[in-house]
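Report on one structure; see the data block that follows.
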Amino acid sequence: MKRGILLFCTAACLLLYLSNCNKTNTVTSSVLRVFNIDPALHPQDVYLNNQVSATNIAYGNNNSYIAVQPGTYNLQFAQTGTTNLYGGYNIDFNTGKNYLMFLFNSNGSLQSEAFDASLLKLGLDTGEIRFFDFSPNAPVMDIGIKNTDTSKLDTTYTYYTRRYFNDIYSNPTLQKFIRLPSGTYYVKLRYYNTTTAFDSLLLRVGDRQSYTLLAHGYWDSSGVPPFVIDTLRH
């Protein structure tokens, strides 16, 4: 996949407060975790208010949680090993919130998507999941999720239809979690509008746990690294 000069698009960062408004963590500060999910993107350093907050974020890696006092910060990036800052937009961090940020290249522009990933106050026997597709050439897909425990049957096998690269940008409702009974699930990625699965995984959904399934890498032999699905537990 061709890469152009890295520039920030005007709407590079979406700070989205998801529908689970009862989310909280146990501290008064905000926390931020940054993932480089683009294999062609050089390692990045993160600056908040012109101060280095995380360094050398390479593909497939992420920094430890950065504690941030609540407030509005100017967010910038620099390729690791340089001090040439780019970006320069403001981002709000709320008290007691946890955030995930994903860095990737889209049409020659570096984009950073930030999402509330705070822990939920879920009931017993309940967990939740969501699916993000950041694989640039994966096929359009449907996502099937089936509980293996017959005593906790899910209501439907197909949970997502017509998922594609970075569709969460144009359809913010896809950023929301789906609540499920705790248990073990088969997660199958199927070609859109078919019953043919091209990838799958087994996911254990724990009580009061939140999971983001993150697809990235190249789906076919056009590049490396290969297509993978990471499970992020919040």
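Each residue takes its place number in the sequence, starting with 1.
- Neither side chain, Asp45 nor Thr55, offers a donor N or O lying under 3.5 Å from an acceptor on the other.
- Contact check for Arg163 versus Leu174: side-chain heavy atoms found under the 4.5 Å cut-off.
- For the pair Trp219 and Met141, the minimum side-chain heavy-atom distance is 4.5 Å or more.
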Check against side chain to side chain contact (heavy atoms under 4.5 Å, CB included), Val34 and Asn36:
CA-CA 7 Å; Val34 183; Asn36 180 345; over 6 Å; no
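- Both Tyr164 and Tyr192 belong to a single network of hydrophobic side chains, linked directly or stepwise wherever heavy atoms of I, L, V, M, F, W or Y lie under 4.5 Å apart.
- Between the side chains of Ser135 and Asp133, no donor N or O sits under 3.5 Å from an acceptor N or O.
- Across every non-hydrogen atom of Pro136 and Gly217, the tightest pair is CD-O, 3.5 Å.
- Side-chain contact check for Asp125 versus Ser182: some heavy-atom pair is nearer than 4.5 Å.
- For Thr212, the side-chain hydrogen bond (donor to acceptor under 3.5 Å, both in side chains) partners at least two apart in sequence or on another chain are Arg130, His234.
- Each of Phe132, Tyr59, Phe102, Tyr99 was scored for a ring-ring contact (aromatic ring centres under 6.0 Å, His included) with Phe35, with one residue passing: Phe102.
- The OH atom of Tyr185 sits 8.0 Å away from atom CD1 of Ile129, with the distance rounded to the nearest 0.5 Å.
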Please lay out, stage by stage, how Asn84 and Gln79 fare under the test side chain to side chain contact (heavy atoms under 4.5 Å, CB included).
CA-CA 7 Å; Asn84 299 321; Gln79 183 174 316; over 6 Å; no
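- Under a 4.5 Å side-chain heavy-atom cut-off, the cluster of Ile, Leu, Val, Met, Phe, Trp and Tyr residues that includes Tyr47 is completed by Val52, Leu85.
- For Tyr211 (side chain) and Arg204 (main-chain N/O), a donor-acceptor pair under 3.5 Å exists by modelled atom type.
- Ile168 places a side-chain heavy atom less than 4.5 Å from the side chain of Phe134.
- Just one of Asp142, Ile143, Ile178, Val187 meets the side chain to side chain contact (heavy atoms under 4.5 Å, CB included) condition when paired with Tyr159; it is Ile178.
- When each of Leu180, Leu213, Thr184 is paired with Leu203, the side chain to side chain contact (heavy atoms under 4.5 Å, CB included) condition holds for Leu213 and for no other.
- In this structure, the side chain of Asn74 does not engage the main chain of Asn49 through any donor-acceptor pair within 3.5 Å.
- Criterion: ILVMFWY side-chain heavy atoms under 4.5 Å apart, direct or through other members. Under it, Tyr86 and Leu103 are part of a common hydrophobic cluster.
- When all heavy atoms of Thr196 and Thr194 are compared, the pair lying nearest together is N-OG1, 3.2 Å.
- The side-chain heavy atoms of Leu214 and His216, taken from C-beta on, include a pair separated by under 4.5 Å.
- Ile229 and Leu189 make their closest contact through CD1-CD2, 3.6 Å (heavy atoms, listed as atom of the first residue, atom of the second, distance).
- The two residues Ala138 and Phe227 come nearest to each other via the heavy atoms CB-CE1, 3.9 Å.
- Both Ile145 and Leu201 are assigned to one and the same hydrophobic cluster, defined by single-linkage of ILVMFWY side chains at heavy-atom distances under 4.5 Å.
- Looking at Asn90 and Thr72, their side chains never bring a donor and an acceptor atom within 3.5 Å of each other.
- Taking each heavy atom of Val205 and Glu128 in turn, the nearest pair found is CG1-N, 4.2 Å.
- The hydrophobic clustering, which links ILVMFWY residues whose side-chain heavy atoms are closer than 4.5 Å, places Tyr73 and Val46 together.
- The two residues Ser200 and Lys188 make their nearest non-hydrogen contact at CB-CG, 4.0 Å.
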